[in-house]
Amino acid sequence: MLSGEIQIRVRYAETDRMGLLHHANYLVYFEQARTELLRQQGASYKDLEDQGYYLVIAKVEIKYKSPAYYDDLLTIRTTVLRTTPVRIEHRYEVFREGVLICEGTTTLACVDKQGRLQAMPRWLMEAK
């Protein structure tokens, strides 16, 4: 399975009044991690979009286990779980000092500029 890791430090602006990483920012981190995994394959979302392929979120699930705080250094591991001709599923694991604090999954659908489902590029479907 294709996987990769990135590190992100929690910025002050991403926290709430209690100093906790706001729950919505995990989705931003997931997107960052997914983008870097794609970049490791030698492409970018811009490349895909320039070719007429758009990956849109169709489903998201997140399980919060423990909070992250301002200035924490987080490691996000992203793994491609499954690909179909029109969808790609990712798993995310967020670690702080080696401890799993959050996990989630996303399903992205491949659509054209008009939002209609279309087949993904073969190279993306076959990425290992």
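When each of V94, L21, T78 is paired with Y29, the side-chain contact (heavy atoms from CB on, under 4.5 Å) condition holds for L21 and for no other.
Looking only at side-chain heavy atoms (C-beta outward), L20 and T15 stay at 4.5 Å or farther from each other.
With sequence neighbours left out, the ring pair (Phe, Tyr, Trp, His ring centres under 6.0 Å) criterion links Y45 to no other residue. Looking at residues two or more places apart in sequence or on another chain, you find no ring pair (Phe, Tyr, Trp, His ring centres under 6.0 Å) involving Y69.
A donor-acceptor pair under 3.5 Å is absent between the side-chain atoms of D72 and the main chain of L74, judged by distance alone. Panel note: side chain R82, backbone R87; no donor-acceptor pair is recorded below 3.5 Å. Using a distance-only test at 3.5 Å, with no hydrogens or angles considered, a donor-acceptor pair links the side chain of Q118 to the main chain of G52. With hydrogens and angles ignored, the 3.5 Å screen pairs a side-chain donor or acceptor of R9 with a backbone N or O of D71. Here the side chain of T84 pairs a donor or acceptor atom with the backbone of V86 at under 3.5 angstrom. With Y26 contributing its side chain and I62 its backbone, the two residues share no donor-acceptor pair below 3.5 Å. Within the 3.5 Å criterion, the main-chain N or O of S44 finds a donor-acceptor partner in the side chain of D47.
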Which is it for E89 and T105 under the side-chain contact (heavy atoms from CB on, under 4.5 Å) test, yes or no, and what are the steps along the way? CA-CA 7 Å; E89 296 176 10; T105 59; over 6 Å; no
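A salt bridge links E103 to K65: at least one charged side-chain nitrogen sits closer than 4.0 Å to a carboxylate oxygen. The residues K59 and E61 are annotated as salt-bridged, a charged nitrogen and a carboxylate oxygen being separated by less than 4.0 angstrom.
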